[in-house]
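Chain naming here is simple, since letters A, B, ... match the order of the sequence lines and numbering starts at 1 in each. Computed from a predicted structure; not experimentally measured.
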Amino acid sequence: MSAKARFASYFRNPIFLRGFGYGGIFTATLSFYGFVFDNWRSQKKKEKDAEEQLKIAFEDGDKVTRGQSILKYGSPEMGNGVRYYSNFALVYDQQKRTPAWVAEQITANLLKGTANRKHSKFKPDPGVPEMFSAENSDYWKSGWSRGHMAPAGDNKYNQESMNESFYLSNVVPQNLDNNAGFWNRLEMYCRDLTKKYPSVHVLSGPLFMPKGEEDGKRYVKYQVIGQNGVAVPTHLFKVIVVEDKLGEPVAMATFIVPNEPINFDHKLTEYQVPMETLEGVVGMKIIPKLDRQIVGDLCEIEGCKLMDRTEFELYFIGRKLGSANTLHRLDKVWGELEEKKLQPDQYLKDLYNRKLVELGKTEEKTTQEGVR
DNA sequence: CGGATTGATATG
DNA sequence: CATATCAATCCG
């Protein structure tokens, strides 16, 4: 038997193995129970600490400390921080899937740009989590139009700010006639104010107002549209503050406008309310840093007169003439004047004649190219 | 200025 | 094949 084999057989000796085995098991058992005991002790200590902490958090009367314990897993997030864009700022309402409010500052200079809404598309705001965002499909065939809060017309300075204004975070479901009519004229009035005031601040947003029903009680009732359930506001609000050359506030006015068609018989002043009324309805302090004592009533000072029917029709016939790209289209728009018994002013006549020549030339050119 | 709708085309 | 995208047309 070689030394190596003897060495190996020694380890195979049952006696030796038994001795080693019992010794090993004994040691292992001891250390196992030691481990379990230590664990148990530290567990108890942790339990004691946790219990103590809960006690202290409550009993020392520090509500913040207590709150931090209560909110161990974080506070519910409403995602309602202020969002900043090129030319407006807003707070988004994840529950209603519309803005809560949109703020703007408009000036004559910023309105001068040439950005075109034809290059912009309504789409979800990439900054809003998808699960809280509205989609175009929500509005499609809903019976409601996509109404800008910061209007596209206030964002002509560059294409980027106009494109941002088409984010659905800046949009609410709005009655189409209201949007294209009364509200449109109100937006025009805001822009018109920049001719006189160097800076005009505007705050706009949706409202959900209670209404009395047959049972004599009042309810807030509103439609929700599309898969995402975008909330249709019962009213819209707009707050206007005009400033002088020094940037000092001069006058302001607050309006609450029903989200329904409003014809030319109605005056803007019918919808003027004290700012406090709006604050009560919407549950927000509006323009908290404005000293209301020193500013006048915009409607007393400026009249708050919107365009009348004739002015309005002539205005957008002018816009349509300007954007006409065929002679056929030009004449069709020109024909609207007669249909609506409107007299074109000199500006409109000149515009028509200028476009007539311009489009005549281009069409002559294209037909010649076609022949060639 | 403010919008919708439709039909053709591109795309995965 | 179903779904985006765009251009054209229309309306107040």
Side-chain angles (χ1 to χ4, degrees), chain A residues 102 104 106 110-124 126 130 133-157 161-163 165-168 170-195 202 204 225-227 230 232 236 238 257 259-266 268 306-342 347-348 351 359 363 366:
Chain A
V102 182
E104 305 171 78
I106 54 181
L110 289 174
L111 293 176
K112 274 180 185 167
T114 56
N116 189 332
R117 58 183 291 137
K118 297 295 173 200
H119 301 144
S120 302
K121 284 173 298 189
F122 287 105
K123 60 178 161 189
E130 267 183 52
S133 181
E135 296 175 279
N136 283 324
S137 58
D138 296 322
Y139 287 84
W140 192 58
K141 286 188 173 174
S142 70
W144 299 92
S145 70
R146 294 165 290 191
H148 283 82
M149 289 297 96
D154 290 358
N155 291 280
K156 295 181 70 171
Y157 191 72
S161 53
M162 174 153 302
N163 291 349
S165 81
F166 279 75
Y167 286 158
L168 294 178
N170 180 45
V171 164
V172 306
Q174 189 175 2
N175 173 273
L176 179 54
D177 285 338
N178 180 291
N179 195 358
F182 191 85
W183 191 257
N184 188 10
R185 284 185 285 142
L186 175 52
E187 290 172 343
M188 289 172 173
Y189 181 69
C190 293
R191 287 192 282 271
D192 201 51
L193 287 169
T194 63
K195 292 175 183 168
V202 184
S204 314
I225 56 173
Q227 285 260 289
V230 184
V232 180
L236 303 175
K238 202 177 273 291
V257 179
N259 189 9
E260 59 190 39
I262 298 173
N263 65 30
F264 287 93
D265 297 336
H266 292 280
L268 176 56
L306 303 183
M307 284 186 186
D308 62 28
R309 183 191 300 272
T310 304
E311 291 170 321
F312 187 56
E313 301 268 13
L314 286 178
Y315 179 79
F316 73 70
I317 282 179
R319 302 301 304 192
K320 282 194 271 193
L321 286 177
S323 65
N325 49 7
T326 63
L327 281 175
H328 177 257
R329 172 71 185 161
L330 187 69
D331 273 324
K332 189 171 167 63
V333 175
W334 191 249
E336 285 182 27
L337 287 169
E338 197 154 333
E339 282 173 37
K340 293 172 179 167
K341 311 252 180 279
L342 296 167
Y347 169 78
L348 230 48
L351 178 60
L359 292 173
E363 288 195 9
T366 52

Practice problem: Tell me what A:G147 touches on the nucleic acid: a base, only sugar-phosphate, or nothing, going by heavy atoms under 4.0 Å. | Solution: sugar-phosphate

Quiz item: A:M162 CE to B:dG2 P: how many Å, rounded?
Solution: 7 Å

Self-check item: Phosphate OP1/OP2 of B:dG2 contacted by A:R146 side-chain N/O (<4.0 Å)
Solution: no

Exercise. Pick base, sugar-phosphate or nothing for A:Q174, based on heavy-atom distances below 4.0 Å to the nucleic acid.
Key: nothing

Quiz item: Closer than 4.0 Å, any side-chain N/O of A:K123 to the OP1 or OP2 of C:dT5?
Solution: no

Self-check item: Flag side-chain contact, heavy atom, 4.5 Å: A:M162 against A:Y157
Solution: no

Quiz item: Parallel, tilted or perpendicular: which describes the rings of A:F264 and A:F312, with under 30° parallel and over 60° perpendicular?
Solution: tilted

Exercise. Give A:R185 one of three labels, base, sugar-phosphate or nothing, depending on what nucleic acid heavy atoms sit under 4.0 Å from its own.
Key: nothing

Quiz item: To the nearest Å, how far apart are A:R319 CZ and B:dG3 P?
Solution: 14 Å

Quiz item: Charged N to carboxylate O below 4.0 Å: is that the case for A:E135 and A:K123?
Solution: no

Quiz prompt | Aro-ring/base stack A:F316-C:dG12, d under 5.5 Å, angle under 30° | solution = yes

Quiz item: According to a strict under-4.0 Å criterion, is A:H119 in side-chain N/O contact with OP1 or OP2 of C:dC6?
Solution: no

